[in-house]
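Working notes, structure below.
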Amino acid sequence: MILLNNNLSYAETGSIAEPEWYEADIALIKPVNIKTGSAGVLRFSIKPLIEGDFEFKAALNVNSKNIKLKQSDSKKLKTSNMRKIFYDFEFTTTEPVYGNFSAEFSTAYPAADLIKTIEKKFGSDLYEVKKLTRKINFHSNNYSASIPFKLIVTETECALNPELYFEKSAGEDFLNMKPSISTQDALNKIESFEAKYAGIFDLNKDGFYKFIKRTNCDFLKDLNDYFKGLHAYNYSAAGIGENNKTAAVKELKSVSADYAKIFEFIEARFKYFNETKKASSEYIKDNGPEHIYIATYYNLYFTVNFKNCFNKKDGEKDIIKNYEAVLNLISESGLYKTEVLKKSIAGYFYYNLAQMSKKSGAIDYKRYFRKAVSENKGLITE
């Protein structure tokens, strides 16, 4: 499992303040695999927001005995005309890692260009402009900054973050995510949603749109919380990881609407945001990966149902068909704007599809394994 949490780095902003003159980022673009010793890649990127020729000196500060950087020295990056540039730092790990690190960079401070930009916008006579000009001129000629990030690497494959990752429990064939809440908390979330949205799934798509337009409810957040409860309850009810001979599967709790309607409602929610000039992409950015629970519930629900009907020779094909349909809806819904997250989720589903197909006797089950490996950059293996 590997995770990278990072923060974009920006210059100081304000009404009459130093203009934003760069943006920088550090991102994980290739996960590392401890078991094979294959290299991971951290990509540092930076873009000047003002005209000029720049030379940035970039390095990673990862003081850990378990992380080995291929490039031990800093890298010089040159750019002009506000072009974004990047450099990939390769690294390997020998042991699990959990730590806070940073990407550090420096460049010649563009004082004259910044003052020119400020005076062009506000003039040179304002007291605030003169004060800021003195501050800029007093700045060191060499500008340095850093971007903090958290890097987590474990031996568990197929991970999203420390709380949200798919794995095989003891005696299980399918990848599922362990819940982070108790069964009682799960029931509270389920009951809270059902009380707040009583009868919501009886509406058609247009009726639902009118409902959220009238109430301006945060339906997506509430829906995800609902699925978080359903996932945790069903995980416990299914007895996952318990001895298969003794675990008695309780009745699974399901949504009182089919999955197609759920994703119609998600689409209607996005439509509402777009029509009120609040982009759905901004909403996803703010609410982010927690929408994972919508995927984890359906993943768990279908894998448990498949396991329950296996060897009974009834319903296997329908479960596989419906499970794949949910995968397609998840991939096309726009819920997951981050491509890495969307591909990771798809990888888990494809892996489980391969297991289902193999168990049901399908001769072409390996195509799902190939897709799983492709989507999850080799972290999933047959």
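Excluded from the calculations below are hydrogen atoms, water molecules and symmetry mates; all remaining heavy atoms, backbone and side chain alike, are included.
In summary, the aromatic rings of Tyr323 and Phe306 are positioned with their centroids too far apart to meet the 6.0 Å limit. Ring-centre distance between Phe89 and Tyr87: below the 6.0 Å cut-off. For an aromatic pair to be called close, the ring centres must be under 6.0 Å apart, and Tyr226 with Phe193 satisfies this. Taking the six-membered ring for Trp and the full ring otherwise, the centers of Phe270 and Tyr272 sit at least 6.0 Å from each other. Proximity of the aromatic rings of Phe44 and Phe86 is defined here by a centroid distance below 6.0 angstrom, and this criterion is not met.
Within the 4.5 Å cutoff, side-chain heavy atoms of Ile136 are placed close to those of Tyr109. Looking at Ser333 and Glu267, their side chains never come closer than 4.5 Å, going by heavy atoms from C-beta outward. With a 4.5 Å cut-off on side-chain heavy atoms, Ile118 and Pro19 count as touching. Proximity of Ile85 to Ser45: side-chain heavy atoms (C-beta onward) are nowhere separated by under 4.5 Å. Side-chain atoms of Asp258 and Lys261, non-hydrogen and from C-beta on, do get closer than 4.5 Å to each other. Contact of the Leu151 side chain with the Val62 side chain is not registered, since no non-hydrogen atoms from C-beta on lie closer than 4.5 Å.
Under 3.5 Å, the side chains of Thr303 and Asn176 contain a donor-acceptor pair of N or O atoms. Side-chain N/O atoms of Asn322 and Tyr259 include a donor and acceptor closer than 3.5 Å. Under 3.5 Å, the side chains of Asn63 and Asn61 contain a donor-acceptor pair of N or O atoms. Defined by atom type and a distance below 3.5 Å, a donor-acceptor pair is present between the side-chain atoms of Gln184 and Asn188.
Taking the six-membered ring where the residue is Trp, Tyr368 and Tyr350 present parallel rings, their angle staying beneath 30° rather than reaching 60°. Between Phe56 and Phe54, the ring planes lie parallel to each other; the angle is under 30°, not in the 30° to 60° tilted range. Between Tyr298 and Phe227, the ring planes lie tilted relative to each other; the angle falls in the 30° to 60° range. The aromatic rings of Tyr22 and Phe105 sit perpendicular, their planes meeting at an angle over 60°, well past the 30° parallel limit.
In this structure, the side chain of Asn299 does not engage the main chain of Ala295 through any donor-acceptor pair within 3.5 Å. Proximity of a side-chain donor or acceptor of Thr107 to a complementary backbone N or O of Glu55 within less than 3.5 Å is detected. In this structure a side-chain-to-backbone donor-acceptor pair under 3.5 Å is missing from Lys57 to Ser74. One N or O on the side chain of Thr296 and one on the backbone of Tyr293 form a donor-acceptor pair closer than 3.5 Å. Listed for the Asn234 side chain is a donor-acceptor partner under 3.5 Å among the backbone atoms of Lys253.
Salt-bridge formation is not detected for the pair Lys228/Asp225: no Lys NZ or Arg NE/NH1/NH2 atom is positioned less than 4.0 Å from an Asp or Glu carboxylate oxygen. Taking 4.0 Å as the cut-off between side-chain N and carboxylate O, Lys78 and Asp53 do not count as a salt-bridged pair. At a threshold of 4.0 Å, the pair Glu18-Lys135 does not count as salt-bridged, since none of the basic side-chain nitrogens sits closer than that to a carboxylate oxygen. One finds no salt bridge joining Lys130 and Asp125 here, because no Lys/Arg side-chain nitrogen approaches an Asp/Glu carboxylate oxygen to under 4.0 Å.
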*Are Lys359 and Glu316 close enough, and set up right, to give a salt bridge (Lys or Arg N to Asp or Glu O under 4.0 Å), and what steps lead you there?*
CA-CA 9 Å; Lys359 289 177 179 296; Glu316 289 178 10; over 6 Å; no

*Please assess Phe208 against Phe201 for the test ring-ring contact (aromatic ring centres under 6.0 Å, His included), listing each intermediate value before the final yes or no.*
CA-CA 8 Å; Phe208 171 75; Phe201 296 122; 8.4 Å; no

*Would Ile330 and Phe349 count as a side-chain contact (heavy atoms from CB on, under 4.5 Å) if you check the C-alpha gap in whole Å, the side-chain angles of each, and the deciding distance to 0.1 Å?*
CA-CA 10 Å; Ile330 285 171; Phe349 273 67; 3.8 Å; yes

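Minimum heavy-atom separation, Lys47 to Met82: CE-O, 3.4 Å. Of all non-hydrogen atoms in Thr183 and Ser236, the two that sit nearest each other are OG1-OG, 3.4 Å.
Within the structure, no pair that satisfies the salt bridge (Lys or Arg N to Asp or Glu O under 4.0 Å) test touches residues 99-116, not counting sequence neighbours.
No continuous path of ILVMFWY side-chain contacts below 4.5 Å connects Leu223 to Ile181, so the two sit in separate hydrophobic clusters.
Around NZ of Lys205, the count of heavy atoms belonging to other residues, nucleotides or ligands within 6.0 Å exceeds 12.
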